[in-house]
Amino acid sequence: MGIRGMHCAACVAKVEQVLSQTPGVVRASVNLASEEALVEYLPGQVSLPGLGAAVASTGFEMVERGETDEGEVERQQRADYLLLKRKLVVSALLTLAILMGSMTPLLTFLPLSAPVWLFVLTTPVQFWVGGQFYRSAWSRARHGSSDMNTLIAVGTSAAYLYSTVAVFAPGFFVTAGQQPQMYFDTAAVIMTLVLLGRLLEARAKRSTTAAIRRLAQLQPQTATLLRGEAEQEAVVVPIEQVQPGDRVLVRPGESIPVDGIVQAGSAAVDESMLTGESLPVEKRPGDSVTGATLNTTGALTVLATKVGTETALARILDLVRQAQGSKAPIQRLADTIAAYFVPVVIATAVVTFCLWLFLGPDPALSFALMTFVAVLIIACPCSLGLATPTAIMVGTGRGAEAGVLIKGGEILERAHTLTTVVFDKTGTLTTGKPAVTEIIPSETLPEPATLSRAEVLRVAAGAEWHSEHPLGQAVVQHAQTQGMTLGPVESFVALAGHGVEARLEGKLVLVGSRRLLAQRGIQSGDLPEQAERLSREGKTPLYVVVNRRVVGLIAVADTLKPHAAEDVRRLQRMGLETVMLTGDNRHTAHAIARQAGIARVVAEVLPEEKAAEIARLQANGAAVAMVGDGINDAPALAQATVGIAVGAGTDIALEAADITLLRGELRGVATAIALSRRTVQIIRQNLFWAFAYNTAGIPLAAGLLYPFFGILLDPMIAASAMALSSVSVLTNSLRLRTMRLGESAP
């Protein structure tokens, strides 16, 4: 079910608390990004109206959502975002005019006086732009609670109402011949800055929910069914009409629409979206295939075994939804303190007003109003409201300059708690593309038949010239980088699952696996031990055969990214444990892990198992960052405390992740964590100074020193103190711009 009106972690905590306390509810988890609540309950003991009433008691609204409502939700989020954007533009323009009018005599030539024009300009900012803050504050007040909206509404209202009275009834404040001070600019600036934060929040919500939509779009919309007695009639039908037991034809270049078993044909299937393995897997009759994987070569007839919500893709989609919904949002310190701070400030202001009204000197009302307003203004949430967002804005901007895109302040705050970094292998630690790593010529052939390394490569590349297989392309690309000119190919045949056969310069050349040699009855000569060693190291050995004699081996593997080992060591120096989590085979995984300097390896895991491994680490007390690039990593990215996607990865991984490394460099992982640690440190300092100014200033504003020293804090001085606290917060936040991202923060 959907929840409307939430805007911060405090809102999430309140709704979760009320839902969890509802009789019959086992567990409730609220997702701020998607504005949804996942409720586990005992059948027959809970009703939707009952849950709706529980949510309404917190001041929010519950809306029912069906499985097909995601488009409507997206449209509503977009409409809300555009409205916020329009309000921000109007508010910023009016605030600029208010600031200019407050500091210069530019408005004096107009028919009305300058103070009246300031009132006219500020009113729409206060009530049209800030209307949402008033509504939320009133809703919280009706239910006996308060939050940052209450602070915003109280603080800006104090400044606005004081200034309004000063404009139309200045006699209330005229003492000792002094004219009253105006604070319209204070109210307008606060509204504009807070609205900017809400706009960034709305944008983050839209980008987060896009992950689920993109993942669902991977499912093919149609399938080609084989019908008729001899199954020779191919009919294209919507995917919804496919049933278990149907036979589906999958042509080269098409995505497989269902989970099933190959009945006829052979092809190389790209399963990287499922396993993360960059190399296509050969499929023959009897092999299983997964929906949404890509058939790269050959035609397949597939017997459908799982369709619709039962497919692996649907399960991955469900895992992403559950993992996103199960994340515990951070309870913001400012919201927690605000729940107690606001009632105390208001009570202090009221008590101050009453004391001065009945015990103060003449004019008592003027003194009472001045102290009342001074207390509210000096307790205005400007610095408190800026304490977190300014540090986050500077921190995320600094990260973007370094190629690290952090999707929101909550992520930036959460990353400083990380204790473990889990890496996917393919495309994350490695380049994701096969490359030639070794060329081993045979040493036992007669002298005329012996070839050098360069000659073995030239022969193999010539034979693979017309191959579409990634292994063959890797051999050709390596030869081209060596500046080799490949001779004309007289004939070429691709041997599915085995290799290639070609005729070059009158010689029959074979390049392929050991199975190809066995099929042709060719002896492997002195190279089996070398081939076994290469396999143990996670490399694929390709035999090169000329006229039925094995002349050499070429090793092809997915290689470690440059600087990957150095980046892993940096994380370890920061006190973080590193783990590799991959769907690849154990030999390859351990070989890459040794090169990267990672001791702990979990290999041969499926997407749902990856998410379970992350959850297992979290259950043991670890705060886990998952670094990946593939669709298969999406559930683990969402399950992790912080999901980090490399920029070269798939759109799904980028949307499901919390942090994106735009340049695809793993050093960005350490940069993000170091930036998070420093930002949280700055936020804590900001909050301290924000409350220090308020707690020290409130007694002065209340007139505590007047009976002893005759000192009464004028609202203008209170506003100056408030401005000073804001300046200190902003200055402290700007220190993040000078942070050296090559260093870790404590």
Would you mind writing out the side-chain donor-acceptor pairs for residues 248-255 within the sub-3.5 Å range, not counting sequence neighbours?
from   : atom 1 : to     : atom 2 : distance (Å)
Glu254 : OE1    : Arg251 : N      : 3.0

Taking only distance into account, with no hydrogens and no angle test, what donor-acceptor pairs under 3.5 Å do side-chain atoms of residues 598-605 form with protein atoms, sequence neighbours excluded?
from   : atom 1 : to     : atom 2 : distance (Å)
Arg600 : NH1    : Glu577 : OE2    : 3.3
Glu604 : OE2    : Arg586 : N      : 3.3

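Residues passing the salt bridge (Lys or Arg N to Asp or Glu O under 4.0 Å) test with Arg667, sequence neighbours excluded: Glu665. Applying the side-chain hydrogen bond (donor to acceptor under 3.5 Å, both in side chains) criterion to Thr559, with sequence neighbours excluded, gives no partner residue. Residues that satisfy the side-chain hydrogen bond (donor to acceptor under 3.5 Å, both in side chains) test with Gln263, not counting sequence neighbours, are Arg247. The side-chain contact (heavy atoms from CB on, under 4.5 Å) search around Glu455 returns Leu451, Ser452, not counting sequence neighbours. For Arg616, the salt bridge (Lys or Arg N to Asp or Glu O under 4.0 Å) criterion is met by Glu613, not counting sequence neighbours. Under the side-chain hydrogen bond (donor to acceptor under 3.5 Å, both in side chains) criterion, Ser266 pairs with no residue at all, not counting sequence neighbours. Under the side-chain hydrogen bond (donor to acceptor under 3.5 Å, both in side chains) criterion, Thr431 pairs with Asp558, not counting sequence neighbours. Residues satisfying the salt bridge (Lys or Arg N to Asp or Glu O under 4.0 Å) criterion with Lys539, sequence neighbours excluded, are Glu438, Glu537. Residues that satisfy the side-chain contact (heavy atoms from CB on, under 4.5 Å) test with Val489, not counting sequence neighbours, are Trp465, His466, Phe492, Ala502, Leu504.
Between Lys610 and Asp424 there is a salt bridge, since at least one side-chain N of the basic residue sits less than 4.0 Å from a carboxylate O of the acidic one.
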Problem set entry | Check against side-chain hydrogen bond (donor to acceptor under 3.5 Å, both in side chains), Gln473 and Ser467 | CA-CA 7 Å; Gln473 292 177 355; Ser467 174; over 6 Å; no
For this session: Determine, stepwise, if the pair Gln530 / Arg533 fulfils side-chain hydrogen bond (donor to acceptor under 3.5 Å, both in side chains).
Result: CA-CA 5 Å; Gln530 294 281 19; Arg533 174 184 64 80; 3.1 Å; yes
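Using modelled atom types, one side-chain atom of Thr293 and one backbone atom of Thr290 make a donor-acceptor pair closer than 3.5 Å.
Residue pairs satisfying the side-chain hydrogen bond (donor to acceptor under 3.5 Å, both in side chains) criterion with at least one member in residues 480-506, sequence neighbours excluded, are listed as follows: Glu501-Arg520.
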